[in-house]
**Student:** 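Before I ask anything, here is the structure I am working with.
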2 protein chains.
Amino acid sequence: MVAAFKALGHPTRLAILGWLKEPESFPPQDRPAAEVGVCLKHIQARAGVSQSTASQFMATLQRAGLVTCTRVGQWSHYRRDEDAIAALGQKVALNV
Amino acid sequence: MVAAFKALGHPTRLAILGWLKEPESFPPQDRPAAEVGVCLKHIQARAGVSQSTASQFMATLQRAGLVTCTRVGQWSHYRRDEDAIAALGQKVALNV
DNA sequence: GCACAACATCGATAAATCCCGATATTGCGA
DNA sequence: TCGCAATATCGGGATTTATCGATGTTGTGC
């Protein structure tokens, strides 16, 4: 739980999680984003950070359980874990 | 919002917020904790940190809007801001 | 006014985080 | 197999956070 809050306690990571609510707003890709998630390259481009930073941001969000990663060929696609996010919201409202 | 997550992204601060759900579980004080909040000294004692660290923890939680402070005489009492916490939970579940 | 108690703030050091470029890894196509 | 493209990981310098003791501030009681 602390890990999730740490992950959200960064403006860019918080923004990324918000962007992922509209996967279609990213440029098109081989496999549709609504299906497998958004390709790291597109996230990196929108965030305006280096490739390694983008990769680490997503790894942090993933370790926090807020996103999942689907690897297709050479692409890593990231998607919100809506269940985990909703559960976290519940915890904040009820158990924190 | 980022500030709130940063504040929660620390195990001790997160624990304190949880403790404040049961103000009665703290030692008795002049003014009842259920009314004005828990005295800083009691929070400090339970957290096992120095006085200055406890003070800064509560200041961080206060700046994040998660607790309110009621000063009575020489005592600072801290209380959860239930509305703000519930609103944050809503945001996590819906808007993040 | 004085001494003391509770709390806030300051100053400093140790630890963690941020963010990058460089390098390693893996998959794809020629 | 070779080279390239996408991603992950490594190593490090800059910045931020954590935490303390020391000091400042304010209220209380004598």
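Note on naming: letters A, B, ... go to the chains in the order of the sequence lines (proteins, then strands), and numbering restarts at 1 for each one. Because the structure is predicted, anything quoted here is derived from the model rather than measured.
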**Student:** I want to check one thing: is the phosphate of dA16(C), taken as OP1 and OP2, less than 4.0 Å away from some side-chain N or O of His10(B)?
**Tutor:**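 Checking His10(B) against dA16(C): no side-chain N or O falls below 4.0 Å of OP1 or OP2.
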
**Student:** Taking the minimum atom-to-atom distance to the side chain of Gln56(A), which one of dC10(D), dT7(D), dA8(C) wins?
**Tutor:**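 Among dC10(D), dT7(D), dA8(C), the one nearest the side chain of Gln56(A) is dC10(D).
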
**Student:** Take the protein atom NE2 of His77(B) and the nucleotide atom C1' of dA8(C), then report the distance between them rounded to whole Å.
**Tutor:**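 Result: 16 Å.
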
**Student:** Without decimals, in angstroms, what is the distance between Arg71(B) CZ and dT25(D) C1'?
**Tutor:**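 Checked: the CZ to C1' distance equals 9 Å.
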
**Student:** Hey, which sits more toward the 5' end of DNA chain C by its nearest nucleotide, Val72(A) or Gly48(A)?
**Tutor:**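 Closest to the 5' end, via its nearest nucleotide, is Gly48(A).
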
**Student:** Name the closest nucleotide to the Leu40(B) side chain, picking from dT7(D), dC7(C), dC18(C).
**Tutor:**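 Closest of the options to the side chain of Leu40(B): dC7(C).
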
**Student:** Could you check which of dC20(C), dA6(D), dA8(C) has an atom nearest any side-chain atom of Trp75(A)?
**Tutor:**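 For the Trp75(A) side chain, the nearest candidate turns out to be dA6(D).
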
**Student:** Please give, in whole Å, the distance from dA16(C) C1' to Phe5(A) CZ?
**Tutor:**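 Result: 20 Å.
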
**Student:** If I take atom CD1 in residue Ile16(B) and atom C1' in nucleotide dA18(D), what distance separates them, rounded to the nearest angstrom?
**Tutor:**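 Spelled out: CD1 on Ile16(B) to C1' on dA18(D) is 13 Å.
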
**Student:** May I have the distance from Gln44(A) (atom CD) to dA5(D) (atom P), rounded to whole angstrom?
**Tutor:**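 Computing the Gln44(A):CD to dA5(D):P distance gives 14 Å.
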
**Student:** Would you say Phe5(B) ends up clustered with Leu17(B) if hydrophobic residues are merged whenever their side chains have heavy atoms under 4.5 Å apart, either directly or through other cluster members?
**Tutor:**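 Result: yes, single cluster for both.
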
**Student:** Roughly how far apart are Thr12(B) OG1 and Arg46(B) CZ, rounded to 0.5 Å?
**Tutor:**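 Those atoms lie 13.5 Å apart.
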
**Student:** How long is the line joining CZ of Phe57(B) and P of dT9(C), in whole Å?
**Tutor:**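 Rounding to the nearest Å, CZ of Phe57(B) and P of dT9(C) are 16 Å apart.
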
**Student:** So does Arg13(A) get a side-chain nitrogen or oxygen closer than 4.0 Å to the phosphate oxygens (OP1/OP2) of dC18(C)?
**Tutor:**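 So the side chain of Arg13(A) is within the cut-off, an N or O lying under 4.0 Å from OP1 or OP2 of dC18(C).
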
**Student:** Could you state the atom-to-atom distance from CG of Asp30(B) to C1' of dG27(D) in whole Å?
**Tutor:**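 In whole Å, dG27(D) C1' lies 13 Å from Asp30(B) CG.
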
**Student:** Taking the nucleotide of DNA chain D with the nearest heavy atom to each, does Thr60(B) or Gln51(B) sit closer to the 5' end?
**Tutor:**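 Its nearest nucleotide lies further toward 5', so the answer is Thr60(B).
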
**Student:** Consider only side-chain N and O atoms of Thr70(B) and Arg31(B), and report whether a donor and an acceptor are under 3.5 Å apart.
**Tutor:**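 Checked: Thr70(B)/Arg31(B) side chains show no N/O donor-acceptor pair below 3.5 Å.
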
**Student:** Are any of Thr53(A)'s side-chain N or O atoms less than 4.0 Å away from OP1 or OP2 of dC19(C)?
**Tutor:**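 False: Thr53(A) side-chain N/O out of range (4.0 Å or more) of dC19(C) OP1/OP2.
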
**Student:** Kindly point out which of dC10(C), dA8(D), dT9(D) is positioned nearest to the side chain of Ser52(B)?
**Tutor:**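 It is dC10(C).
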
**Student:** Does Tyr78(B) place a side-chain N or O at less than 4.0 Å from the phosphate oxygens OP1/OP2 of dA8(C)?
**Tutor:**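 Answer is yes, contact under 4.0 Å.
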
**Student:** So how far is it from Gln90(B) CD to Ile85(B) CD1, rounded to the nearest 0.5 Å?
**Tutor:**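 Those atoms lie 13.5 Å apart.
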
**Student:** Nearest-Å distance, CZ (Arg63(A)) to P (dA8(D))?
**Tutor:**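 After rounding, the gap between these two atoms is 11 Å.
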
**Student:** Is it true that Ser50(A) and Thr53(A) share a donor-acceptor pair across their side chains at a distance under 3.5 Å?
**Tutor:**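 Side-chain D/A pair, Thr53(A) to Ser50(A): present.
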
**Student:** State whether Ser76(B) places a side-chain N or O below 4.0 Å from either non-bridging phosphate oxygen (OP1 or OP2) of dA8(C).
**Tutor:**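 Affirmative; the distance criterion is met.
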
**Student:** Tell me whether the centres of the aromatic rings in Phe57(B) and His10(B) are closer together than 6.0 Å.
**Tutor:**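 Ring centroids of Phe57(B) and His10(B) are less than 6.0 Å from each other.
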
**Student:** From the options dT7(D), dA8(D), dA8(C), select the nucleotide whose nearest atom is closest to the side chain of Lys41(A).
**Tutor:**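 It is dT7(D).
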
**Student:** Is there a donor and acceptor pair, one atom on the side chain of Ser50(B) and one on the base of dG21(D), closer than 3.5 Å?
**Tutor:**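 Such a pair does not exist between side chain and base.
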
